[in-house]
There are 2 protein chains.
Amino acid sequence: MSPMTPARPVPLPEGPQLGLRERKKIKTRMAIREATYALIKEQGYDATTIEQIAERAEVSPSTVFRYFPTKEDIVLTDEYDPLMLEELRARPATESWLDSVRYVLHRSMDALLAEDPEAVRVRAHLAVQIPAVRARMIESMSATGLLLRGAIAERHGLDADSLEVRVYAMSLVGGLMEANITWAENDCQDELRDLVDRALDVIEHGLPAKNT
Amino acid sequence: MSPMTPARPVPLPEGPQLGLRERKKIKTRMAIREATYALIKEQGYDATTIEQIAERAEVSPSTVFRYFPTKEDIVLTDEYDPLMLEELRARPATESWLDSVRYVLHRSMDALLAEDPEAVRVRAHLAVQIPAVRARMIESMSATGLLLRGAIAERHGLDADSLEVRVYAMSLVGGLMEANITWAENDCQDELRDLVDRALDVIEHGLPAKNT
DNA sequence: CCATGAAATGAGAGTAGCTCTCAAAAGATA
DNA sequence: TATCTTTTGAGAGCTACTCTCATTTCATGG
């Protein structure tokens, strides 16, 4: 889900049966992303302009905008929600809903952190520090909520467009997002896994009994 | 809370003991807002430029930006979260938490809809149609969540910065927001009050048993 | 009522994200 | 190789937003 799974460069999907054109596109996309991450690391987000990104990626500014609608999207675009959704749907119907969510989240977090932990952290920090990035990230929350609705409705035998399902999806996604932000604010020192588990507990059972 | 209480022009807080300067400032603020609403009604959001707004409000573009940091803020700024927070804190501790929330939300919705129903609807529609506005609105959600955390922590005897309280606040605010969006997508035909009630039920008890 | 200080305003220049158009370049197809 | 399609680059243009500085407008004490 978006709040938990920010973008990463696609691991070059199947090689040879793709035409030269498609392969080039993927390369360009990655080049732009990598240039962006590098520049942000050197100078910060705001100081990094599209022109600089284009230059380092060796494409024209126009091309940058063709690949990414906004500057924030270069950092954030997430292509994995649909995959997670499938995994969710594939979980046995006997499993409790939130357990399914927990399982799938664990799997994707592990995968992401194993593959490119640096990028995950950079993204998390940007989401905390740069309002525009955070805004865009939260926006993608809505999209994630929309996807989730299908799976939730299926599991619970409800209508995906009913207010109840909508509210439930959004409240789930909001809670998970906050866990992610907390993690970033703490400099990614805690185990994201644990934070997510605690978040799911709160969503399932409400607040715990008093203790400091 | 932000998702439910978009901005409205302040009802000219106390008159005479304010200096001429302060009174002028309030007037300018209102003039800018009203010009904006009028222009948006005539031409839509995107077609309305800051220059036009400035012209109709009879101020310079610089002044517009002095009063509102972004174009979206002209439409959305909400000064009422703190008030609702106080009301929340003032509810008896014996009342269940979500009942308090329900009560305060009811009161502010009634007040807002009574005072300027048109503006509330325009804002709701913009939040659905214009990505930038929605983004900004969702952003303010985080701020609202932050405020809420204090009240929640107080009531439940927990730490306001604990992950649990943070997650709970965000999940509450996310759910309420979705109710508001649903309302706007339905052209504000349903009773917002009812939607909010149903949303709170979902947040409290989870999804209802099967029915279509 | 006037002089002095402080705050608000307007004018203008500048930056950068983003859009659009059009012609040139590169890949696909036969 | 020739043709058709897709992708790219160049450049102009728009607008939100920032900064600076001179001017105006209000506040205050004598």
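Each chain gets a letter, A, B and so on, in the order the sequences are listed, and its residues count up from 1. All heavy atoms count here, side chains included; hydrogens, waters and symmetry mates do not.
Judged by distance alone, with hydrogens and angles left aside, the side-chain atoms of Arg166(A) form no donor-acceptor pair with the main-chain N or O of Ala179(B) at under 3.5 Å. In this structure a side-chain-to-backbone donor-acceptor pair under 3.5 Å is present from Gln52(B) to Thr49(B). Side-chain atoms of Tyr37(B) come within 3.5 Å of backbone N or O of Val75(B) as a donor-acceptor pair. Under a 3.5 Å cut-off, the side chain of Lys41(B) and the backbone N or O of Val122(B) do not form any donor-acceptor pair.
At dG9(D), one or more side-chain N or O atoms of Thr63(A) fall inside 4.0 Å of OP1 or OP2 (strictly under the cut-off).
Contacts between residues 39-51 of chain A and DNA chain D, defined by a heavy-atom separation under 4.0 Å, are absent. Within residues 126-134 of chain B, no residue has any heavy atom under 4.0 Å from DNA chain C.
For Thr28(A), taking side-chain heavy atoms from C-beta onward, the closest of the listed nucleotides dT8(D), dC17(D), dC18(C) is dT8(D).
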Could you list, one pair per line, each protein nitrogen or oxygen that sits under 3.5 Å from a nitrogen or oxygen of nucleotides 11-14 of chain C, together with the distance?
from: dA11(C); atom 1: N7; to: Ser62(B); atom 2: OG; distance (Å): 3.2

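Evaluation of the salt bridge (Lys or Arg N to Asp or Glu O under 4.0 Å) test over residues 129-148 of chain A, restricted to residues two or more places apart or in two chains, returns Asp73(A)-Arg136(A), Arg134(A)-Glu139(B), Glu139(A)-Arg134(B). Pairs of residues two or more places apart, or lying in two chains, that qualify as salt bridge (Lys or Arg N to Asp or Glu O under 4.0 Å) and include a residue from residues 49-58 of chain B are Glu42(B)-Arg56(B).
Using a 4.5 Å heavy-atom threshold, the side chains of His106(B) and Asp197(B) count as touching. Put simply, the side chain of Ile74(B) reaches to within 4.5 Å of the side chain of Val64(B), judged on heavy atoms.
Of the charged side-chain nitrogens involved, at least one lies within less than 4.0 Å of a carboxylate oxygen, so that Arg102(A) and Asp201(A) count as a salt-bridged pair.
If you measure from atom CD of Glu58(A) to atom P of dA10(D), you get 13 Å, rounded to the nearest angstrom. Remark: C1' of dA28(C) and NZ of Lys25(A) are 13 Å apart, rounded to the nearest angstrom. Here the C1' atom of nucleotide dT9(C) and the NZ atom of Lys27(B) are 16 Å apart, to the nearest Å. Distance CZ (Phe65(B)) to P (dT20(D)): 17 Å, rounded to an integer number of Å. Distance, Glu55(B) CD to dG10(C) C1': 15 Å, rounded to whole Å. Nucleotide dT15(D) holds its P atom 16 Å from the CD atom of Glu72(B), rounded to whole Å. The nearest whole Å value for the distance from the CZ atom in Arg29(A) to the P atom in dT7(D) is 13 Å. What separates CZ of Arg23(A) from C1' of dG27(C) is a distance of 11 Å, to the nearest Å.
The shortest non-hydrogen separation linking Leu88(A) to Val101(A) is CD2-N, 4.0 Å. Residues Leu176(B) and Ala199(B) share a closest heavy-atom pair of CD2-CB, 4.5 Å.
Heavy atoms of Tyr67(B) sit under 4.0 angstrom from primed sugar atoms or phosphate atoms, though from no base atom.
Counting heavy atoms of neighbouring residues, nucleotides and ligands inside a 6.0 Å radius, atom CZ of Arg107(A) does not exceed 12 of them.
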- Note on the structure: Contact string for nucleotides 24-30 of chain D, one letter per nucleotide 5' to 3', B = base within protein heavy-atom range under 4.0 Å, S = sugar-phosphate only, - = neither, reads -BBS---

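Between His156(A) and Trp97(A), the two ring planes are perpendicular [angle over 60°; tilted spans 30° to 60°].
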- Query: So Leu158(A) and Ile152(A), side chain to side chain contact (heavy atoms under 4.5 Å, CB included) or not? Walk me through it.
  - Reply: CA-CA 8 Å; Leu158(A) 296 168; Ile152(A) 295 176; 5.9 Å; no

